[in-house]
There are 2 protein chains.
Amino acid sequence: MSDLKFSVMGEAESQTRITVKARQFSFVIDEPPTLGGDDLGANPVEYLLASYAGCVNVMAYLIANEMGIKLEKLTIKVDGNINPNRLFGKSFEDRAGFKLITLNLQPVTNASPELLSKWKSEIKKRCPINDNLLNPTPVDFQLA
Amino acid sequence: MSDLKFSVMGEAESQTRITVKARQFSFVIDEPPTLGGDDLGANPVEYLLASYAGCVNVMAYLIANEMGIKLEKLTIKVDGNINPNRLFGKSFEDRAGFKLITLNLQPVTNASPELLSKWKSEIKKRCPINDNLLNPTPVDFQLA
């Protein structure tokens with residue numbers, strides 16, 4: 001298959017808020033008051049964690065179908081921690097972004113632990129967001 | 001400052017759809033019909049691009065304020081391409097995720113090109129999502 005192209009666009013509505021459009025969808029990204037915003041939407045780093053949960057959800061079912069695993073229910077929790085010092089320009093010791101992300105996949109299923117272990121490995125191997133987090137992604141950062 | 005912790009959680013609503021909760025916010029992630037979904041929300045990889053736009057928005061204003069740059073308007077566009085072959089398990093030649101992400105920052109301002117060039121460099125250096133994309137991020141992928 002040829003590459004799929006994805007695109008989003010937004011215009012700043014405040015110093016922390018932007019409404020992003022992706023095809024027919026639009027959603028508000030903001031910051032809580034503790035990070036200088038009006039708290040009118042989840043913040044950028046929460047959207048990153050959500051993106052990861054969404055991608056793992058799709059891959060989990062796709063691969064479960066391939067392997068004959070029946071999922072009665074699936075819950076996904078994603079956590080991460082960031083040291084805000086670099087963001088605020090106070091210190092450059094720590095990295096800017098998430099230092100560690102923990103994803104917890106909670107399936108309700110009768111599948112064996114062995115099969116679920118293979119299922120998990122396959123999800124990690126084929127999930128786009130997992131790849132973009134674990135491995136460096138080339139970014140072309142342009143100033144118009 | 002000590003680390004900030006962020007957390008999201010969701011339960012699968014279909015084989016492609018999940019409503020993710022982040023604090024008091026919740027939003028739907030789905031896939032278009034071409035990727036097997038019902039198209040009730042932007043898809044996971046679009047949320048990743050949106051997360052990047054949102055983060056750059058916050059950093060752009062924070063650093064503009066520090067540098068005395070007045071932004072009359074700011075538009076951010078983010079694009080990326082993915083080869084779906086690995087996702088669908090058809091071929092493992094290409095990586096699973098975005099092969100390249102292009103971010104286009106379009107400020108309306110009277111600031112000089114030299115100052116804007118420094119502004120751009122500082123955004124790249126301090127933006128959390130930019131860091132998590134450009135550099136490997138440790139992920140603890142747990143199966144409950």
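Note on naming: letters A, B, ... go to the chains in the order of the sequence lines (proteins, then strands), and numbering restarts at 1 for each one. Computed from heavy atoms alone, side chains included, the values below leave out hydrogens, waters and symmetry copies.
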- Query: Checking A:Leu74 against chain B: side chain, backbone, both or neither under 4.5 Å from a heavy atom?
  - Reply: both
- Message: Are A:Leu100 and A:Leu133 linked, directly or through intermediate hydrophobic residues, by side-chain heavy-atom contacts shorter than 4.5 Å (ILVMFWY only)?
- Response: no
- Message: For a quick test of reading the model, state the closest non-hydrogen atom pair linking B:Glu122 to A:Phe92 and the distance between them.
- Response: OE2-CZ, 4.2 Å
- Query: Is there a donor-acceptor pair closer than 3.5 Å between any side-chain N or O of B:Ser51 and the backbone N or O of A:Pro44?
  - Reply: yes
- Task: Sort out for me which of A:Val45, A:Val20, A:Asn65, A:Thr102 touches chain B most, counting heavy-atom pairs under 4.5 Å.
- Result: A:Thr102
- Note on the structure: When the 4.5 angstrom heavy-atom criterion is applied to A:Tyr47 and chain B, the contacting part is both
- Interface moiety of A:Tyr52 toward chain B, non-hydrogen atoms closer than 4.5 Å: side chain
- Would you name the heavy atoms of A:Asp79 and B:Ser7 that are closest together and state the gap between them? OD1-OG, 2.6 Å
- Query: Any side-chain heavy-atom pair from B:Thr75 and A:Met9 closer than 4.5 angstrom?
  - Reply: yes
- Item | Contacting region of B:Lys99 [heavy-atom separation from chain A under 4.5 Å] | both
- Task: Please determine, among B:Leu105, B:Asn132, B:Asn81, B:Val28, the option with the most heavy-atom pairs under 4.5 Å with chain A.
- Result: B:Asn132
- Heavy-atom side-chain proximity of B:Thr16 to A:Tyr61 below 4.5 angstrom: no
- Residue selection (most heavy-atom pairs with chain B, distance under 4.5 Å) from A:Val56, A:Asn85, A:Leu71: A:Asn85
- Looking only at heavy atoms, what is the nearest atom pair of B:Asn83 and A:Asp3, with distance? CB-OD1, 3.4 Å
- Item | Heavy-atom pairs under 4.5 Å with chain B, option from A:Gln24, A:Lys21, A:Glu66 with the top count | A:Gln24
- Rounded to the nearest 0.5 Å, what's the gap from CD1 on B:Ile82 to CD1 on A:Ile129? Could you check? 6.5 Å
- Is there a side-chain contact between B:Leu48 and A:Leu48 (heavy atoms, below 4.5 Å)? yes
- Item | Contact class of A:Ile63 relative to chain B, heavy atoms under 4.5 angstrom | neither
- Item | When B:Ala60, B:Ser2, B:Ala12, B:Ser117 are compared by non-hydrogen pairs under 4.5 Å with chain A, the top option | B:Ala12
- Message: Do B:Asp39 and A:Phe25 make a side-chain contact, defined as non-hydrogen atoms from C-beta onward lying under 4.5 Å apart?
- Response: yes
- Query: Atom CG in B:Leu103, atom CG in A:Asp140: separation rounded to 0.5 Å?
  - Reply: 9.0 Å
- Item | Minimum heavy-atom distance B:Ala50-A:Val8, with the two atoms named | N-CG2, 3.9 Å
- If we only count heavy atoms from C-beta on, is the A:Pro128 to B:Arg95 side-chain gap below 4.5 Å? no
- Message: Quick check on A:Thr34 against chain B: is it the side chain, the backbone, both or neither that has a heavy atom closer than 4.5 Å?
- Response: neither
- Note on the structure: Closest non-hydrogen atoms of A:Leu87 and B:Met59, given as atom of the first, atom of the second and distance, are O-CE, 3.3 Å
- Message: Any side-chain to backbone donor/acceptor pair from A:Arg126 onto B:Arg86? Under 3.5 Å, distance only.
- Response: yes
- Between B:Leu116, B:Leu35, B:Ile123, B:Val78, which residue shows the highest count of heavy-atom pairs closer than 4.5 Å to chain A? B:Val78
- Query: Tell me, side chain or backbone of B:Phe98 under 4.5 Å from chain A's heavy atoms, or both, or neither?
  - Reply: both
- Most heavy-atom pairs under 4.5 Å with chain B, out of A:Gly80, A:Ser26, A:Ala64, belong to A:Gly80
- Which bit of A:Gln15 comes within less than 4.5 Å of chain B, counting heavy atoms only: side chain, backbone, both or neither? both
- Query: So with a 6.0 Å cut-off around CD of A:Glu72, is the heavy-atom count from everything else above 12?
  - Reply: yes
- Message: Between A:Ile29 and chain B, with a heavy-atom cut-off of 4.5 Å, which part of the residue counts as in contact: side chain, backbone, both or neither?
- Response: side chain
- Query: Can you find a pair of side-chain heavy atoms, one from A:Pro107 and one from B:Leu143, that are under 4.5 Å apart?
  - Reply: yes
- Item | Test item: A:Ile76 and B:Ile18 side chains (from C-beta on) under 4.5 Å apart, heavy atoms | yes
- Which atoms of B:Asn43 approach chain A - backbone, side chain, both or neither, heavy atom under 4.5 Å: both
- Query: Measuring heavy-atom distances to chain A, does B:Ser91 have an atom under 4.5 Å in its side chain, in its backbone, in both, or in neither?
  - Reply: neither
- In terms of heavy-atom pairs under 4.5 Å, which option from B:Gly97, B:Ser14, B:Ala53 contacts chain A the most? B:Gly97
- Message: Taking side chain as everything from C-beta outward and backbone as N, CA, C, O, which of these in A:Phe6 sits under 4.5 Å from a heavy atom of chain B? Side chain, backbone, both or neither.
- Response: both
- Will you find, in the side chains of B:Glu13 and A:Asn57, an N or O donor that is under 3.5 Å from an N or O acceptor? no
- Which residue out of B:Gly41, B:Gly37, B:Ala22, B:Pro32 racks up the most heavy-atom pairs below 4.5 Å with chain A? B:Gly41
- Task: Report the option among A:Gln106, A:Glu46, A:Lys5 that has the most heavy-atom pairs separated by less than 4.5 Å from atoms of chain B.
- Result: A:Glu46
- Query: Is there side-chain contact between A:Glu31 and B:Val58, with at least one heavy-atom pair below 4.5 Å?
  - Reply: yes
- In terms of heavy-atom pairs under 4.5 Å with chain B, the winner among A:Gly36, A:Cys127, A:Gly89 is A:Gly89
- Task: Sort out for me which of B:Asp30, B:Asp94, B:Ile101 touches chain A most, counting heavy-atom pairs under 4.5 Å.
- Result: B:Ile101
